[in-house]
Number of protein chains: 2
Amino acid sequence: MIFTAHITIMPLKELLDPQGKAVNESLHKLALQQIQNVRIGKHITLSIDADSKEAAHQIADEACKKMLYNMVMESYSIVVE
Amino acid sequence: MIFTAHITIMPLKELLDPQGKAVNESLHKLALQQIQNVRIGKHITLSIDADSKEAAHQIADEACKKMLYNMVMESYSIVVE
């Protein structure tokens with residue numbers, strides 16, 4: 001069966017996110033002062049051929065650990081559907 | 001009230017995603033052949049000061065249209081909580 005995994009990878013809360021900060025300031029210049037705490041990460045979708053949802057989740061987790069995320073600077077979450 | 005908006009911006013399905021393709025091939029080399037159709041986009045979180053969830057959604061939508069997404073190449077979705 002083919003499952004779709006949605007992986008969200010964000011910079012850790014403890015770390016500065018210079019890209020997010022720059023976007024935050026630019027949004028303020030566009031008269032969107034209500035916006036704060038912009039943080040920018042990655043969203044990755046994958047199709048996974050697996051026997052069960054759990055197996056697909058495990059494969060996505062392995063992909064994150066082996067390649068997709070940087071454990072020093074980022075955290076990730078996976079939703080399989 | 002402060003709301004948190006989660007914005008997901010992905011390359012349009014009709015377009016090639018060279019970054020996703022490169023990651024797909026690398027994952028295959030790491031013995032994760034079950035994975036296909038890797039697509040890589042952005043995930044942005046914002047705090048929004050607004051009177052209601054609907055107002056916060058509207059502000060996030062305005063931010064997307066004014067700056068965050070490229071209408072030629074990307075689509076976006078917003079979840080406010």
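Remember, it's a predicted structure, so these values are computed and weren't measured experimentally. Just so it is clear: chains get the letters A, B, ... in the order the sequence lines come, proteins before strands, and each one is counted from 1.
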Item to check | side-chain contact (heavy atoms from CB on, under 4.5 Å) between A:R39 and B:I44, worked out | outcome: CA-CA 6 Å; A:R39 294 188 79 79; B:I44 302 174; over 6 Å; no
Next on the checklist: side-chain contact (heavy atoms from CB on, under 4.5 Å), that's the test. Do A:Q58 and A:E54 meet it? Break it down for me.
Outcome noted: CA-CA 6 Å; A:Q58 210 163 12; A:E54 289 69 35; over 6 Å; no
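Looking at A:L32, the atoms closer than 4.5 Å to chain B (heavy atoms on both sides) all sit in the side chain, from C-beta outward. Both the backbone and the side chain of B:A63 come within contact range of chain A, judged by heavy atoms closer than 4.5 Å. When heavy atoms are compared at a cutoff of 4.5 Å, A:T8 approaches chain B solely by way of its side chain, counted from C-beta outward.
A:H28 contributes a side-chain N or O that, together with a main-chain N or O of A:I35, makes up a donor-acceptor pair within less than 3.5 Å.
Heavy-atom proximity under 4.5 angstrom to chain B picks out A:K66, A:M67, A:L68 from residues 65-81 of chain A.
Ring planes of B:H43 and A:H43: parallel class, angle under 30° (limits at 30 and 60°).
A distance of 8.5 Å separates OG1 in A:T4 from CG in B:N37, rounded to the nearest 0.5 Å.
A:C64 and A:I7 make their closest contact through SG-CG2, 3.6 Å (heavy atoms, listed as atom of the first residue, atom of the second, distance). Of all heavy-atom pairs between A:G41 and A:P11, the closest is CA-CD, 4.0 Å. In plain terms, the two heavy atoms of B:A50 and B:A56 that are nearest each other are CB-N, 3.7 Å.
Of all the listed residues (A:D49, A:V38, A:T45), the one sharing the greatest number of non-hydrogen pairs under 4.5 Å with chain B is A:T45.
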